[in-house]
Each structure stands twice: as C-alpha cells, then as structure tokens.
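To find a chain, count down the sequence lines: A is the first, B the second, and so on, and within it residues start at 1.
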Amino acid sequence: MKILTTVKKVVDVELNIHVKDGAIVEDGLQYVINAWDENAVETTVQLKEQTGAETTLVSIGGGDNTDIIRRCYAMGIERGIHIEDPALDKADSFIYARVLQKVFEQGDYDLVITGKQAQDTDNGQTGIILAEYLGLPCVSNVIGVEVIDDKHLKVSRAGDAGTEIVEVELPAVITVDVSINEPRLPQMRGLMMAKKKKIEVMDLAALGTSAEEIGCAAPKSEVIEFMESEKRSGGRKFEGDPAEVTAQVVELLASEAKVI
Amino acid sequence: MAKVLVVAEIKQGVLKSSTAELLSKAKAIGAEAAVVAIGSNIEGLVPELVKAGSDTQYIADDAGLELFSAGPYAACVVDAARQFGADLILFGFSESSKAAAPRVAAQLDAACASEITEVAADNGAFQVVRPAITNKVVQKVKVNTDKLVAVVRAGAFEADESIGGTENVVKLDIPAPDLKAVIKELVSDASGEIDLADADVVVSVGRGARNEEGIALVKELADDLNAGFGSSRAMVDAGFMPHNKQVGQTGKIVAPSLYIAVGISGAIQHLAGMSGSKVVLAINKDPEAPIFNIADYGIVGDLFEVVPILKEELKKVRS
Ligand SMILES: Cc1cc2nc3c(=O)[nH]c(=O)nc-3n(C[C@H](O)[C@H](O)[C@H](O)COP(=O)(O)OP(=O)(O)OC[C@H]3O[C@@H](n4cnc5c(N)ncnc54)[C@H](O)[C@@H]3O)c2cc1C
Ligand SMILES: Nc1ncnc2c1ncn2[C@@H]1O[C@H](COP(=O)(O)O)[C@@H](O)[C@H]1O
C-alpha cells in the first residue's frame, strides 16, 4: 500500500491572536503542524507498522516548514514533499485540492489521509474536494481505521446518527478527526535522524504544472477582512460553603438571568 | 433575483428547526426559495416544508436513502440545484452537511463556505461572515464565483414564522448507492434523547466527573432540567460518552439559553462550540479554570458536592 498524507503548517491557536486594520497581527504568532494532520500522520505510521505501507507526506505553502516535516519524519514518515510557489499565496481549498491532485497523480497512491480540518481556515473541505477531483470514494470525520485487505479498509466515521462503520474500496481519501488516535511524541533519536533526511521542495513547474493549470489567479473565495471575535467576559465567581453559594447562584439564575 | 436552495435537515423523520431558519434567511435576502428533502418515508413532511417557507419542494424519498451516505446525498442536492438554477445552496450545521457540502460545491464548480454566520448578496456577489482559527477571529469572505454552497453555523439565523410558502413538489430521481463506500453498520447512540442542537438548556460533563458514577450524577441534573446532555472531548475520548454528544470545535455547536459546564476546564476548542450560549454556569473545583473567564456564574467547588445541592435547589425554585 502507498499512502499520501497531507500536512499543513498553521498558526498556533493556543496563543493570543490579535487583529488590526482588518488583518491578523503577525507579531508574536507561532506556526505549528495542524492538529488534525498530526493525527493523519499517526494514522499513516500505524498503517505502515501494520502493513509495511510506503509513506509520503505533502505540505503546500507555509514558508519554511522543514521543522514540521522533520517532526513527521521522526514520527515515522519516509518521504516528504514541500510545494512552495508564490502563485499559491491566495489559494483556497479548491486550489490546494488541485495541487494535491497533481501530487496524487504522480505517485500511484492507494490512500490519501488528510486532516478533517485545518486550524487556520476551519474549512474542512480540502480532502473531500480532492476526492471529487480524483473521482475517488471519500469518508470524512474518520475516528477508526482497520485494513481488511490491500483493496479495502473498514473505517468508522462519527456521523449525526451515531458511528457509521463503512467499508471503503481503495484507492480512497479519508479525512481524520482528532479522536482517531493520540499522536506519538517524536523521540530525540528520531529527530536527529530526521535532520539528515532530504525534503523534496518543488514549485508548480517542478510538479509538472503551472499557475494557469491550477487556476491560481481565480480563487473561488478570498478573505477580505479579519475581525476580532466577540469575547464573552466572565461574570461572577462564587467561592465558599457549597450549600450557600449554590443556593445563591440558583436564586440569581431565576431572578437575574431568568433562565430557570 | 437570487435563487436559494435550502437542504432540509431531517433527523429520525423529524424536520429540524434549521430548515425554517435557513428558508427565512433566504427570503430575507429577497430570494426565491426552494427546499430539497432527502431521506426515507419523508413525503409526509411536505406541508411542513411549505409552511417553513419554501416555494418548491424537491423530494428524494427512498428506502435506500434512510442512512446518510455523502455521495448519493450530494447527488440529490446537485440535481435539485441544477433543476432550480440555484445561486446559493444552504445547509444546516451537521456532520452530514459538512461531508456533503464540499462535494456539491466541487460538482457545481461553486465556492464553498463552512460555518457561516451571515450571508449577503451584494450586486449578485455573495459575501459571508464566519469564525475561523478556533473561533479566535471572524473573517469576511468575498465569493468570486456566481454560485455558493454554504454550511450555516447552528443558531445563526432566526425563523420568521410569518413567511409561509407554496406547494410545488418535484420528485427527484433516486441516485445509485455508493458502492465504493458502503455503510455496513450504524452504531447509534442513545436516540430518543433530547437533541443537543434543539435543547433550551444544555448540561455538559467533563473529565472532572471522572467515571460512570460522576457522569450519572451530572446526567440526573440534565434530566431534572429536561436539558440536552453534552460532553467535553475528554469524556468522549475516554469512552464514557458517545461522539455525537461532544460539544466544541469538532463536535456540536450549541447556543442554548443556559449552558451548564460541569468539571470542564474550558479549552478554546470546547468554547468554540458553546460560547454563543446566552447564560453560562460553570462548576469547577479549580478557581483558575479558564471556563470561569467566560462563565456568567461560576461555582468553585467539588462537583460531587455541588451537583446534588444544585439539583435540590433547582427543584425548590422550579416548584
Ligand atoms: C484539534 C482539536 C479539536 C478539539 N475539539 C474539541 C471539542 O470539539 N470539544 C472539546 O470539548 N474539546 C476539544 N478538544 C480538546 C480540548 O483541547 C480539551 O482537551 C478538552 O476540552 C478537555 O476536556 P475537559 O475540560 O473535560 O478536561 P480537562 O481539561 O482535563 O478538565 C477537567 C476539569 O475538571 C476540573 N475538575 C476535576 N475534578 C473536579 C471535581 N471533583 N469537581 C469539579 N471540577 C473538577 C478540573 O479542575 C479541570 O478544570 C480539541 C482539541 C484539539 C487539539
Ligand atoms: N496547504 C496545505 N498543504 C497540505 N495539506 C493541506 C493544505 N491545506 C489543507 N490541507 C489538508 O486538508 C485538510 C483540510 O483543510 P481545510 O479544508 O483548509 O480545513 C487539512 O487538515 C490538511 O490535511
């Protein structure tokens, strides 16, 4: 089995993010591997351990993202492709999906594993659109994977009515949720070894395509303004005798907030 | 005039409130509004679909559509969108919508926007507003294509009961099942319970409740209040709570009148799913827990002590 795993470098959401004049203030931001993609990498490495699958990751944009690719190497990924091209500066999910389609078509892959969602866009679209472009089956929001044979997977998906157990034929695309696993922490030794490994950096031309073919000049949508989100402020905190403070709060819920 | 197609949200044969909310929004932006309903045994819903504000009802009713499968579901929406000539296709917020919307957009060569809280048509060009980066910012997005597919964040729009519609049923051809992604089994979690998305009060349990016993205690509180019973991710991952009870960025978005967080620390990903609640009550033994930064009322204490008292006190006020 040959697996292609997608990994995006995104802003660290645990840090404060400020907006000024309709744009995000770059100062003080840090960039990390997208949480869901870390789960995609863990899923990939587990499949490699079970089946001897060949593993390749691809990351588009993100500037210098050798750090996150090395981290994935240290987790067990064998090959890393970084696609960087100024024409992709305004890319939306459809454009990323077109680029991923090119990468897929060059590699004879059996399975694509993407994150469910990128933490910077919160779109949850790219993997599903890629599957449409490739005409492949797709299961999104996957929380479990089992290999049936080299042509079929049994995946579980968190759906509205419960957990759906889906048998999917390969080649296929799956998008994974954070609940699927607990990504391993790369060990020191792995990180040292990863430093020596090559990262294949390409622009669109090296990928055998062009900005025109991908449609870079015509994103279907673009963010024109960022705004601060409405912050909820904390109200009152009650400490002390549980019986007393609880009675007090219930009284307020009834008389002040009027919600009970 | 813009044409808006709303994808009806149907759960266990019941039409959910999002359908009327989306149709009301469609009419508020001055559009002609149609609805597409997909499922099994749903033809009886037509009068409700009309009342909710649709002027055309595209119906795909077949036993094979009983279980959600993104491929056939998307095919029905695309078919209806083409027949109607839709410029804007609105989905309510659900896992099914999130799975189907990007497929529909790719097939129609439309733009796709997730979790929108506002949509406006400005000279035929759509603009949407949506949270991003785990709700840390809000973005205004300009749509460059003439067609847009959007998933609307739960609770974003209100239903206008006065609009009404007209009956004009169009039966859709039933698409072939997806033979390459076959649902073998549905492990359903606690159906008959109150739907989190609809509940006026939601009580959620976090890791602080520790185990089944703690969960049972918090669940009793939810039952007393006739509330939806939700969970943090920690309790879902620990296997104590089913996935479809998870509130937060990768779970349900809720905006009830009262949200009670019990033993939940208040991670940003949890807040992303509940910060639209009108009033928040938090119970946590750690006075520094981040949940207190956003809670209107916070009780610092051991939930095993506080929850039983809370139940009694609530009984007193409510009787
Ligand atoms: C990409 C991504 C997506 C995520 N999506 C979600 C999501 O959708 N929803 C979600 O909830 N999380 C999500 N998370 C996880 C989130 O970051 C937190 O890990 C999670 O919300 C923590 O759950 P918790 O508050 O129950 O547990 P903890 O953070 O462990 O908090 C437990 C709390 O209980 C309190 N406590 C302990 N004992 C008691 C007691 N006896 N009485 C009272 N209080 C007590 C503690 O003081 C503590 O504050 C996501 C994470 C990532 C990376
Ligand atoms: N620039 C990118 N490079 C690599 N993978 C990406 C990129 N953008 C999106 N993806 C993948 O697609 C998933 C969903 O992204 P999104 O549609 O932006 O929410 C992410 O979790 C990634 O796995």
Side-chain angles (χ1 to χ4, degrees), chain A residues 11 13 17 19 24 93 116 119-125 128-129 132-133 137 139-141 143 158-169 177-179 218-229 232 234-239 242-243 245-247 249-250 252-254 257 259-260, chain B residues 68 94-96 98-99 102-103 106-107 111-115 131-145 178 180-189 236-237 243-244 250 257-258 268 275 279 287 292-301 305-306 309-310 313-314 317-318:
Chain A
V11 63
V13 297
I17 294 170
V19 173
I24 290 177
S93 294
K116 170 189 179 178
Q119 279 169 297
D120 52 356
T121 66
D122 280 334
N123 278 344
Q125 300 169 0
I128 301 171
I129 295 168
E132 282 293 318
Y133 286 168
V139 186
S140 57
N141 207 21
I143 55 171
D160 291 316
T163 302
E164 299 160 11
I165 313 295
V166 185
E167 200 173 298
V168 58
E169 188 183 308
D177 184 41
V178 278
S179 291
K220 294 193 198 305
S221 64
E222 53 195 302
V223 178
I224 50 169
E225 187 186 344
F226 283 96
M227 294 163 277
E228 296 272 0
S229 56
R232 265 196 100 90
R236 273 166 286 171
K237 202 158 63 178
F238 298 81
E239 290 179 71
V245 297
T246 306
V249 167
V250 169
L252 287 168
L253 288 175
V259 285
I260 51 169
Chain B
F68 172 80
S94 69
E95 286 305 334
S96 308
K98 288 194 254 180
R103 292 181 186 239
Q107 289 173 34
C112 191
S114 317
E115 271 195 64
I133 324 189
T134 319
N135 262 30
K136 290 215 153 173
V137 300
V138 172
Q139 41 179 230
K140 198 180 271 177
V141 180
K142 179 169 145 273
V143 175
N144 298 327
T145 46
D178 187 346
K180 291 187 166 181
V182 182
I183 303 188
K184 292 287 177 181
E185 197 187 336
L186 175 69
V187 188
S188 70
D189 333 284
V236 172
D237 282 358
H243 263 97
N244 63 357
T250 46
S257 315
L258 175 62
I268 51 163
S275 57
V279 174
F292 289 130
N293 297 335
I294 65 111
D296 303 276
Y297 304 97
I299 301 177
V300 181
E305 248 182 280
V306 173
I309 304 172
L310 183 60
E313 291 295 332
L314 284 167
V317 239
R318 284 157 66 88

**Complete:** Turns out that what part of A:T121 lies under 4.5 Å from chain B's heavy atoms comes down to backbone
**Prompt:** Using a distance-only test with no angle check, is there a side-chain donor-acceptor pair under 3.5 angstrom linking A:S229 and B:N135?
**Reply:** no
**Message:** Please classify the contact between A:V19 and chain B as side chain, backbone, both or neither, with a heavy-atom cut-off of under 4.5 Å.
**Reply:** side chain
**Message:** If you compare all heavy atoms of B:I133 against all heavy atoms of A:D120, which two are closest, and at what distance to 0.1 Å?
**Reply:** CG1-O, 3.3 Å
**Message:** Would B:V182 and A:E169 count as a side chain to side chain contact (heavy atoms under 4.5 Å, CB included) here? Give the steps.
**Reply:** CA-CA 9 Å; B:V182 182; A:E169 188 183 308; over 6 Å; no
**Request:** Heavy-atom distances under 4.5 Å only: say whether B:E185 touches chain A with side chain, backbone, both or neither.
**Result:** both
**Fill in**
Looking only at heavy atoms, the pair that brings A:I128 and B:A99 closest together is CG2-O, 3.8 Å
**Heavy-atom contact with chain B under 4.5 Å, split by part of A:E164** = both
**Fill in**
Whatever's closer than 4.5 Å to a heavy atom in chain B on A:L252 counts as both
**Message:** Please evaluate residues B:N144 and A:K220 with respect to the criterion side chain to side chain contact (heavy atoms under 4.5 Å, CB included), reporting the C-alpha separation (whole Å), side-chain torsions for both, the decisive distance (0.1 Å), and the verdict.
**Reply:** CA-CA 5 Å; B:N144 298 327; A:K220 294 193 198 305; 5.8 Å; no
**Request:** Check each atom of B:L314 against the heavy atoms of chain A and say whether the ones under 4.5 Å are side chain, backbone, both or neither.
**Result:** both
**Residue B:V143 versus chain A: region with a heavy atom under 4.5 Å** = both
**Complete:** Okay, B:A295 and chain A: the region with an atom under 4.5 Å from a heavy atom over there is backbone
**Asked** Side chain, backbone, both or neither: which part of A:N141 has a heavy atom under 4.5 Å from chain B?
**Response** side chain
**Message:** Given heavy-atom pairs under 4.5 angstrom as the criterion, report whether the side chain, backbone, both or neither of A:A257 touches chain B.
**Reply:** both
**Engaged part of A:V223 at the chain B interface, taking heavy atoms whose separation is under 4.5 Å** = both
**Fill in**
Honestly, the part of B:D237 sitting under 4.5 Å from a heavy atom of chain A is side chain
**Fill in**
Bottom line for A:S140: the part with an atom under 4.5 Å from chain B's heavy atoms is side chain
